[in-house]
Amino acid sequence: MRLVLIAPPGAGKGTQAARIAARFGVPHIATGDLLRGHVRQGTPLGRAARASMDAGALVPDRIVRDMVGEAMAHAKAAGVGYVLDGYPRTRAQARAVHRTAAGIGMTPHVALHLRVDDEEAVRRMLARAAAEHRPDDTESVIRRRLKLYHEVTRPVVEGYAERGILVSVDGTGTADQVTARVLERLEEPAWPTICTPPLLSRPATVEPAATPGLMTGCST
Ligand code: AMP
């Protein structure tokens, strides 16, 4: 399973990504967690990323691209797939990750999009900020991150729809309800072979088809 997960902040993507990764036995590569780890440890990368993170802005592409490239190469060496959480967040990052992944035969099979409306996302993030003391989760930062999501990340979802690998799932409800919805879609027994070239006329969500292919057969 090679999956990228795209969702607005507050959609619970970290929880869902971890569960999907556990279910399919693949590493969970979360750019936000990796960056927070660097910040905690005070590495040069963490120092370079911190100001952007605290402001609710994106850290420079080069930093995340190198981090993800390294994690993907590890997954490749281990002979497994991945669940990529928090990347790509822009069209430029989507192009970069495709280039990196294609270079090592690791392009995604599925782009999973979790849908949650803004007010629900804000409510959840404020609750999480209180519970986890996350300094990047004040209300003004949360609103800025949501605005950024609509402006620059949402177009990435359209890009994956055009590529024919988008699976869009309702992200409202409890974490368990969302997981059940997601796994139902990911475990559909029959899928189109997803490693075909981009099909511009494909619909926004992938429907089951007669040819299996989600877990097998794709080498690029
Ligand atoms: P997350 O935990 O995924 O919400 O990410 C937390 C913060 O890390 C974001 O608000 C960004 O500042 C930074 N970040 C995570 N992923 C990326 C990315 N793909 N590109 C740029 N910045 C990122």
Side-chain angles (χ1 to χ4, degrees), residues 2-21 27-72 75 82-101 106 108 111-116 118 120-160 171 175 178:
R2 304 199 294 259
L3 178 147
V4 296
L5 177 51
I6 299 170
K13 72 181 166 49
T15 303
Q16 299 304 328
R19 291 178 178 187
I20 297 164
H28 171 200
I29 304 169
T31 49
D33 290 348
L34 291 173
L35 289 166
R36 278 185 288 276
H38 278 282
V39 170
R40 263 196 311 276
Q41 289 160 25
T43 67
L45 192 154
R47 285 197 294 279
R50 180 166 198 163
S52 311
M53 293 177 76
D54 286 350
L58 296 181
V59 310
D61 277 357
R62 181 184 42 79
I63 292 179
V64 259
R65 190 190 57 217
D66 292 352
M67 245 172 38
V68 169
E70 201 179 309
M72 216 178 246
Y82 55 80
V83 170
L84 187 50
D85 157 7
Y87 188 90
R89 264 174 153 98
T90 66
R91 285 265 204 181
Q93 290 185 359
R95 284 192 295 273
V97 75
H98 187 79
R99 270 196 306 275
T100 304
M106 291 282 274
L112 176 66
H113 173 222
L114 292 182
R115 302 186 309 269
V116 173
D118 283 5
E120 171 69 6
V122 171
R123 198 187 56 70
R124 287 187 191 182
M125 276 195 287
L126 287 174
R128 183 180 68 183
E132 293 179 12
H133 309 289
R134 280 176 60 154
D136 56 341
D137 277 0
T138 64
E139 180 154 1
S140 68
V141 169
I142 288 168
R143 298 256 173 218
R144 184 175 318 164
R145 291 173 68 199
L146 274 170
K147 186 165 176 283
L148 194 63
Y149 171 79
H150 288 295
E151 286 171 4
V152 305
T153 306
R154 219 24 251 263
V156 175
V157 174
E158 317 308 332
Y160 282 119
V178 177

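All ligand and atom numbering here is 1-based and tracks the order in the structure.
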dist Ile142:CD1 -> Arg144:CZ (nearest 0.5 Å) comes out at 12.0 Å
Would Ser52 count as a polar contact of ligand 1, with the cut-off being nitrogen or oxygen pairs under 3.5 Å? no
Min N/O separation Gly56 to ligand 1 under 3.5 Å: no
Can you name the residues that form a side-chain contact (heavy atoms from CB on, under 4.5 Å) with Ile20, not counting sequence neighbours? Leu3, Phe24, Val83, Leu112, Val182, Leu186
Atoms in ligand 1 flagged as close to Gly86, the criterion being non-hydrogen separation under 4.0 Å: 16 (N), 17 (C), 18 (C), 19 (N)
Polar-atom distance check: Arg89 versus ligand 1, any N or O pair below 3.5 Å? yes
Please say whether Tyr87 places an N or O atom under 3.5 Å from an N or O atom belonging to ligand 1. no
Below 3.5 Å, N or O to N or O, backbone or side chain included: is there any such pair between Leu58 and ligand 1? no
Pro9 versus Ala121, closest heavy-atom pair with distance: O-CB, 3.3 Å
So, regarding Arg36 and ligand 1 (criterion: nitrogen or oxygen to nitrogen or oxygen, under 3.5 Å), is there a contact or not? yes
Pick from Asp61, Thr31, Val59, Leu35: the one approaching atom 14 (N) of ligand 1 most closely through a non-hydrogen atom: Leu35
Could a heavy atom of Ala57 be found less than 4.0 Å from some atom of ligand 1? yes
State which residue, out of Arg123, His150, Lys147, fulfils the side-chain hydrogen bond (donor to acceptor under 3.5 Å, both in side chains) condition with Asp118. His150
Between Val97 and Pro88, which heavy-atom pair has the shortest distance, and what is it? CG1-CG, 4.2 Å
With heavy atoms of Gln93 as the reference, note each atom of ligand 1 found under 4.0 Å away. 18 (C), 19 (N), 20 (N), 21 (C)
Mind checking the NE2-CZ spacing from His38 to Arg36? Nearest 0.5 Å is all I need. 12.5 Å
Going from CD on Glu139 to CG on Leu126, what distance comes out if it is rounded to the nearest 0.5 angstrom? 5.0 Å
